[in-house]
Amino acid sequence: MRRLSVVLTGVLVLLGTTLAAGCAADKEPASAKPGSAEEPLRVGYQRFGGLSLVKARKAEAAGTTWSLFESGPALTEGIKAGAIDIGQVGEAPPIFAAAGKIDFRIIGTSKPVPKGEAVLVKASKGYTTFKDLKGKKVALNKGSNVNWLLVRLLEANGMTIKDIDVQYLKPADARPAFDNDQVDAWIIWDPYFSLAETPGVKVLVDATGLANNREYLLVSPQALKSKPGKIREFLKTYREVTDWGIGNPDERVKILAPELNIPEDVARRALDRSAQPLAAIDAAVGEELQQIADGFTELQLIPGKVDIKGRIDEQFSDILR
């Protein structure tokens with residue numbers, strides 16, 4: 001990653017204050033004890049993410065429980081608290097979670113989704129490039145996928161965090177702030193992105209050429225040891241449902257729109273650009289994540305180096321290829 005000219009300081013407040021020492025669990029494929037019964041899987045999901053379609057179609061195994069989280073950072077806290085076994089997040093949350101000493105493994109990913117996150121502005125303000133936001137208020141959810149997009153945008157435009165007035169707001173707070181012109185721009189992901197595309201709202205730039213914006217499947221080490229069969233079963237279902245949705249976009253919209261409580265046209269717009277096939281996690285994807293982690297370290301967004309590629313666990317990759 002090209003080095004920024006000015007080291008960024010005081011950008012994010014981490015939940016943890018020291019760097020995760022590394023991956024403590026062994027690398028052997030997990031398995032439950034012979035003859036033991038595995039408890040039902042507890043799944044954490046975000047609004048609109050690929051797991052929403054599994055839930056909407058009721059395709060999961062009997063007994064599976066679901067917990068809704070507003071963002072990736074909140075979901076990783078659910079793993080930390082032992083409230084969920086598995087969940088789906090974007091690029092940045094695993095890195096900040098690892099820096100905050102949350103233990104997890106990364107067992108799957110998706111194809112890139114660069115068009116699924118973007119910088120939104122009001123057309124009436126006349127902004128044409130990201131550089132036009134110098135000195136302006138820019139809202140985003142800290143620690144989420146859009147945090148990496150911000151870093152890449154600043155880098156690509158020869159800017160630093162000091163050139164903009166960052167407003168760290170959760171989606172529920174950022175939307176009214178954006179609508180009421182309390183901020184000048186909003187960096188956001190689907191479906192909030194699609195919901196905000198109302199008359200007068202302009203997409204200034206999306207992540208194309210800047211960030212892959214993949215989804216990542218995180219699982220707790222405890223679940224890997226005690227529920228490997230349930231995890232494998234769930235991943236098979238997840239793959240099948242995802243492939244079905246891509247092959248049947250009209251039916252997918254009709255199922256997901258009421259699940260997400262959004263209009264069908266909004267769901268269709270978001271799904272057309274953001275729904276991508278699942279993909280196996282491997283060393284190459286691990287290196288991609290490591291580059292992002294090293295970028296955050298370089299900019300002092302996290303307090304030291306994080307070995308995020310050491311969190312990769314490929315034992316279920318045969319299901320996702």
Side-chain angles (χ1 to χ4, degrees), residues 1-2 4 46-53 71-73 88-96 106 108-121 127-131 133 138-159 171 174 185-197 201-218 242-243 245-246 249 252 256 266-282 284-296 299 301 308 320:
M1 191 184 97
R2 194 172 58 210
L4 291 177
Q46 295 184 65
R47 200 166 183 240
F48 180 74
L51 293 177
S52 293
L53 185 59
S71 65
Q88 184 183 55
V89 299
E91 292 168 321
I95 296 165
F96 285 92
I106 306 172
T109 185
S110 72
K111 297 293 185 181
V113 195
K115 293 186 179 298
E117 57 178 357
V119 181
L120 302 183
V121 297
Y127 304 133
T128 59
T129 70
F130 189 79
K131 283 185 177 181
L133 297 178
V138 179
L140 69 147
N141 192 81
K142 70 178 181 180
S144 291
N145 55 341
V146 290
N147 217 142
W148 178 240
L149 177 56
L150 173 62
V151 171
R152 297 292 286 124
L153 283 164
L154 292 171
E155 186 179 46
N157 288 276
M159 300 166 66
W186 184 21
I187 311 179
I188 190 59
W189 64 89
D190 274 322
Y192 303 107
F193 171 10
S194 186
L195 280 164
E197 287 184 282
V201 172
K202 172 183 175 180
V203 177
L204 188 65
V205 61
D206 63 29
T208 301
L210 296 168
N212 278 332
N213 189 35
R214 296 178 189 269
E215 294 179 341
Y216 290 92
L217 278 167
L218 309 186
T242 299
D243 290 347
I246 291 171
R252 179 180 61 187
L256 265 182
V266 172
R268 180 173 288 103
R269 183 166 60 245
L271 288 164
D272 284 348
R273 65 184 168 220
S274 292
Q276 294 294 329
L278 294 175
I281 199 74
D282 57 23
V285 178
E287 288 293 341
E288 182 181 314
L289 260 183
Q290 190 63 54
Q291 182 182 12
I292 298 172
D294 292 346
F296 283 141
L299 302 176
L301 301 181
I308 196 66
L320 305 176

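Being a predicted model, the structure only gives us computed values, none of them experimental.
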Got [X] and [Y] here, is their nearest side-chain heavy-atom distance under 4.5 Å?
X	Y	result
Val146	Leu150	no
Ile246	Arg252	yes
Leu320	Ile281	no
Phe193	Ser274	no
Ile308	Pro94	yes
Val113	Asn145	no
Leu204	Thr129	no

Sub-3.5 Å donor-acceptor pair from the side chain of Arg152 to the main-chain atoms of Leu210, do we have one?
yes
Donor-acceptor pair, Ser52 side chain versus Gln46 backbone, under 3.5 Å?
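Checked: pair present.
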Does NZ belonging to Lys202 count more than 12 external heavy atoms closer than 6.0 Å?
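Yes - once you tally the heavy atoms of other residues, nucleotides and ligands closer than 6.0 Å, there are more than 12.
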Derivation and outcome, side chain to side chain contact (heavy atoms under 4.5 Å, CB included), residues Asn213 and Trp189:
CA-CA 9 Å; Asn213 189 35; Trp189 64 89; 5.5 Å; no
Among Leu289, Thr109, Val89, exactly one meets side-chain contact (heavy atoms from CB on, under 4.5 Å) together with Arg214. Which residue is that?
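So the option named by the test is Thr109.
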Identify whether the distance between the nearest side-chain nitrogen and carboxylate oxygen of Glu197 and Arg273 falls below 4.0 Å.
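Result for this pair is yes, salt bridge flagged.
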On the 0 to 90° scale, with breaks at 30° and 60°, tag the Phe96-Phe296 ring pair as parallel, tilted or perpendicular.
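Plane angle between 30° and 60°, so tilted.
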